[in-house]
Amino acid sequence: MKIAILKYGREKMGGHSALMSELRHYCDENQHSMHCYSYTIGGTKRKNYKFELAENFVFDEFCAEDANQIANELESFDLLIMLEPATKAGTKEDGRIYTSIYERVQNPLKWMLSYNIKLGFIKRVRNVLDTIAASDVISTHSENADWAIIGKRAGKPWIKTPLFKRIDEFTEYFNNE
């Protein structure tokens with residue numbers, strides 16, 4: 001299986017890098033291939049970025065000028081995982097370009113994977129409804145998470161996203177009803 005990950009902005013050490021490292025280990029053990037695309041706000045050219053804090057994880061960073069090429073490349077994958085919708089970083093045009101790439105891709109199964117437990121992050125997100133509408137599957141940390149409720153009302157299958165073990169034991173504290 002060929003898996004693509006689509007992320008908005010350059011990675012900082014945190015949950016996304018931990019999730020991608022775990023997914024890479026899973027793919028290596030099960031003979032799947034994985035490629036990470038990262039939309040770079042204000043970038044001027046496509047390049048690979050090695051994130052040394054996350055076991056030398058390599059991101060294929062791209063910018064607005066590469067949008068058509070990236071959308072075409074994503075068609076060759078079996079599964080496309082969007083780690084986050086566009087945030088309010090960058091311009092509204094950046095958010096629109098990023099979301100349009102995800103919307104245009106037709107071939108792979110599209111999975112919006114969210115495990116953010118901070119309400120502050122959710123308030124910084126753009127284009128959530130567009131992203132949910134374009135997704136085949138929605139994942140959140142809780143059935144009561146805003147994105148899960150919207151996705152289920154839109155008829156999208158929902159899957160619980162496991163959090164890190166020490167947090168997942170206290171999931172009921174993080175319901176953002």
Under a 3.5 Å threshold, yes or no: a donor from one side chain and an acceptor from the other, between [X] and [Y]?
| X | Y | answer |
| --- | --- | --- |
| W111 | S139 | yes |
| E61 | Y37 | no |
| S135 | Y102 | yes |

Query raised in the report: Can a salt bridge be assigned to the pair E143 and K152 using a cut-off of 4.0 Å between side-chain N and carboxylate O?
Result: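 Salt bridge flag = yes for K152 with E143.
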Requested in this report: Using a strict cut-off of less than 4.0 Å between a Lys/Arg side-chain nitrogen and an Asp/Glu carboxylate oxygen, indicate whether E73 and R46 qualify as a salt bridge.
Outcome: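 Yes, E73 and R46 are salt-bridged.
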Query - From CA spacing to verdict: side chain to side chain contact (heavy atoms under 4.5 Å, CB included), R104, N68 - result: CA-CA 10 Å; R104 288 188 337 214; N68 289 330; 3.0 Å; yes
Atom [atom1] of [X] and atom [atom2] of [Y]: how far apart are they, to the nearest 0.5 Å?
| X | Y | atom1 | atom2 | result |
| --- | --- | --- | --- | --- |
| L23 | L113 | CG | CG | 9.0 Å |
| R24 | H32 | CZ | NE2 | 15.5 Å |
| I138 | I132 | CD1 | CD1 | 5.0 Å |
| L80 | L109 | CG | CG | 9.0 Å |
| I101 | L74 | CD1 | CG | 7.5 Å |
| Y98 | S38 | OH | OG | 8.0 Å |

Donor-acceptor pair, [X] side chain versus [Y] backbone, under 3.5 Å?
| X | Y | value |
| --- | --- | --- |
| K156 | I150 | no |
| N72 | Q69 | no |
| N30 | C27 | no |

**Report entry** side chain to side chain contact (heavy atoms under 4.5 Å, CB included) evaluation trace for L79 with M1
**Finding:** CA-CA 8 Å; L79 176 63; M1 176 184 289; 4.3 Å; yes
Considering non-hydrogen atoms only, spot the tightest contact between [X] and [Y] and give its length.
| X | Y | answer |
| --- | --- | --- |
| I41 | Y8 | CD1-CE2, 3.7 Å |
| C36 | V58 | CB-O, 4.0 Å |
| F77 | P108 | O-CB, 3.2 Å |
| A86 | G95 | CB-CA, 3.6 Å |

Report task. For M112 and V137, run side chain to side chain contact (heavy atoms under 4.5 Å, CB included): C-alpha distance rounded to whole Å, both residues' side-chain angles, the deciding distance at 0.1 Å, then the answer. Result -> CA-CA 6 Å; M112 184 184 129; V137 178; over 6 Å; no
Query raised in the report: If you draw a 6.0 Å radius around NZ in K2, do more than 12 non-hydrogen atoms from other residues or ligands fall strictly inside?
Result: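 Yes.
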Query raised in the report: E75 versus V105: any side-chain heavy-atom pair under 4.5 Å?
Result: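 Heavy-atom side-chain distance check passes, below 4.5 Å.
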Query raised in the report: Do the non-hydrogen side-chain atoms of D130 and E103 ever get within less than 4.5 Å of each other?
Result: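 Yes - at least one pair of side-chain heavy atoms lies under 4.5 Å apart.
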Query raised in the report: Do the two ring centres, one from F62 and one from Y39, sit under 6.0 Å apart?
Result: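 Aromatic pair counts; centres sit under 6.0 Å.
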Report task. Decide yes or no on side chain to side chain contact (heavy atoms under 4.5 Å, CB included) for I81 and L6, but give the supporting numbers first. Result -> CA-CA 6 Å; I81 300 172; L6 189 59; over 6 Å; no
